[in-house]
Amino acid sequence: MNFELLTQLIINGLIVGLLYGVVGMCFVLVYKSTQIVNFCQGEFLLIGAWVCWAFLVYLQLPFIVGFLLTLVFMAGFGMLLQMIVLRPMIGEPIISVIMVTIGLSMFFQALMKWIFGVSAESYPKVFSQETFEIFGLRVEAAYLMSTGFALVIMAAFYWFFKYSKQGLAMRATAFDQQVAQSLGISVKRVFAMSWAIAATVSATAGVVIGMVNGVSDSLSVIGIKVFPAVILGGLDSIIGAIVGGLIIGVLENVAEFFDGQYLHWGNLYDIAPFYVLLIILWFKPYGLFGTKDIERI
Amino acid sequence: MSTTSMRPCGDFRTSYQQDTTIFETKFIWAATCALIAALCAAPFILDEYYISLFIQVAYLGVAALGLNILVGFTGQISLGHGAFFGFGAFASAWINTTLHIPVFFAIPLAGFMTMAVGMMFGLPAARIKGLYLAIATLASQFIIEDFFARADWFSGGSSGAMAEPVDIFGFVFDTDQSFFYIALFALVSMYIWGSNLMRSRDGRAFVAVRDHYLSAEIMGINLTKYRLLSFGISAFYAGIGGALYGHYLGYVSAEGFTIMLSIQFLAMCIIGGLGSIKGTLMGVIFMVLLPESLEGIVGMMKETDWGNIPAVVDGVAYLKEMSIGAVIILFLIFEPEGLAHRWQQIKNYWKFYPFSY
């Protein structure tokens, strides 16, 4: 057994898993506060990465400026999306809401392909040093940055929901919309804000992944990979999303290891999370940390 | 029963039989028969292009009706219909080439095989519903797609599978004109079966499960049984549609049955109208004509000197995808009940003219 490779893969898995966790957190945020299942989460990553790429390559902006502009753009984009497309869907049956986000996902995926083409593009170099040695393991600088980003975002989420007034308003809305409304919270604004946050944070993840692997259409796959992660963690638990993301990230890489070393099935990397997803839904549909829905008759 | 040829103003149904009839008036019955008869003559008159469009409508229509039974009538969400469609295509080709069963019998057998697979992947529906079910079927879509790429014995792996044309008593249906009749036969019989199913005890149970599953359970409807049955029937339809597709093209490759196809099937149901059999067909026709007409428009624009924009002309494929996404969104926002509802309103307008409000 090749332990060195396994360790390397597990570390990669943890790093990627943290990013899944971040995207999963956005997913859970939208689900909790607006009761919408967001199938176009992956497209947020894609749009963010392409927009940032356009700022850096076409407008030749420095990375920090381009990145911040991207975040501003994505916040506006998320808010507009909520106001124009998703606000009319409030109160519609769940299938309609799911289909609207699927339609959005299809639309934006094709739009991005149309504007930026189908080939992968790489970002201009941001770091002077490509890789670092940590405990004898080779880690790419972009990966270090992504881990840093993910941890910062998670800490920011924690602070935001625990201490800020807006975060409290969002938690109240997630708890009970009518109660929140009667306390003077603008539920509309909370909805718009949660979409803005989800878009911005996902775009950050998109930029980070784009810096490692290049920007291409395949970024939107992350939006689908997030489903196993959030279901494993429990759909309405932010902690669950992080734990689920880490588990799925590691699992993918371990599956790849066993596949490459012993099984030679090919493709197990992509498909293993979905087997896990089905198994979880079979035995524990509300995930590790999710709250069980108990229905009243 | 169709006793009168015209219905009076308003919609008076005084007996149970009247309520469950397929054709509300004699006129509708006659018009449907006339339409089918006219379609029988179509291959002699129409261009090959329109014939191929009709065949496309037929095999997609059969599969989409299955999805509408599941989504529109039973209220379960499935994002894996495209994979079942593909499974039917491969299964029929496999049954025909490996077991040497004639194609005409291989198609329904493929339907039953797909039904078994559909029920297997529908098993989570016994416990979960709504959103969780959507995600479970999403997983099944990817797992089945992966199976196509992996199982060389079944699907021919990356090289795909050959499917023989349909032949009955030595007559080979290998041209568009002849296959048209197979497609028409399948479409009509599957739609009649679907309409009858919805009038039956099982069909009413489906609707009850959709409308209020707790009440349905209290009334003695076995939820697990009917959810699974609905998944099975839906997959059966998908399998038949897929098998027709396979034998029409003569070649099945694993690439075509992605999540995109599943979304298109859902789009057909939504555009046509969830829970409407007639609407399903309208939705399918809409979704088949949408990319075709888009291509036609761009083709015409190319000829003019103002419309020959390279971005538009080269990006037609993306424009088609975008239009599908946009149509889904627009319909859900502005016409959530689909074309069937719109059709009803147009009919009402004329029926109650000039007091249409």
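Quick caveat: nothing in here was measured; it's all calculated off a predicted structure. Naming: A, B, ... by sequence-line order, numbering from 1 per chain.
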Reported CG-to-CG distance for the pair B/Leu138 and A/Leu277, which is rounded to 0.5 angstrom: 7.5 Å

Which portion of A/Tyr31 sits near chain B, non-hydrogen atoms under 4.5 angstrom: side chain

Spatial distance of atom NZ (A/Lys225) from atom CZ (B/Phe142) [nearest 0.5 Å]: 9.0 Å

Winner by heavy-atom pair count (cut-off under 4.5 Å) against chain A, out of B/Ile329, B/Ile328, B/Ile143: B/Ile143

A/Met99 portion near chain B, given a 4.5 angstrom heavy-atom threshold: both

Option in B/Leu133, B/Leu123, B/Val327 with maximal non-hydrogen atom pairs under 4.5 Å from chain A: B/Leu123

Interface residue of largest heavy-atom contact number with chain B, from A/Val97, A/Leu235, A/Thr101, A/Asp270, under 4.5 Å: A/Leu235

Winner by heavy-atom pair count (cut-off under 4.5 Å) against chain B, out of A/Ile271, A/Val100, A/Ile224: A/Ile271

Separation of B/Leu79 CG from A/Phe227 CZ (nearest 0.5 Å): 8.5 Å

Atom pair CD1/OG of B/Ile333 and A/Ser96 - distance to nearest 0.5 Å: 11.0 Å

Chain B contact via A/Phe39 - side chain, backbone, both or neither, heavy atoms under 4.5 Å: side chain

Aromatic ring pairing A/Tyr286/B/Tyr132, orientation class (parallel under 30°, perpendicular over 60°, tilted between): perpendicular

A/Glu92 vs B/Leu332 side-chain heavy atoms within contact, under 4.5 Å: no

Residue B/Ala326 versus chain A: region with a heavy atom under 4.5 Å: both

Residue, of B/Ile135, B/Ile77, B/Val71, B/Leu274, that accumulates the most heavy atom pairs under 4.5 Å with chain A: B/Ile135

Flag if over 12 foreign heavy atoms under 6.0 Å of CD1, A/Ile239: no

Contacting moiety of B/Phe121, where chain A heavy atoms sit under 4.5 Å: side chain

Spacing of A/Ile102 atom CD1 and B/Ile263 atom CD1 [to the nearest 0.5 Å]: 5.0 Å

A/Leu104 portion near chain B, given a 4.5 angstrom heavy-atom threshold: both

Contact leader toward chain B among A/Ile115, A/Leu278, A/Ile231, where contacts are heavy-atom pairs under 4.5 Å: A/Leu278

Derivation of the side chain to side chain contact (heavy atoms under 4.5 Å, CB included) call for B/Leu266 and A/Ile98: CA-CA 11 Å; B/Leu266 271 174; A/Ile98 289 180; over 6 Å; no

B/Glu321 side, atom CD; A/Lys113 side, atom NZ - distance, nearest 0.5 Å: 4.0 Å

Minimum heavy-atom distance between B/Met322 and A/Trp114, given as atom pair plus value: SD-CE3, 4.0 Å

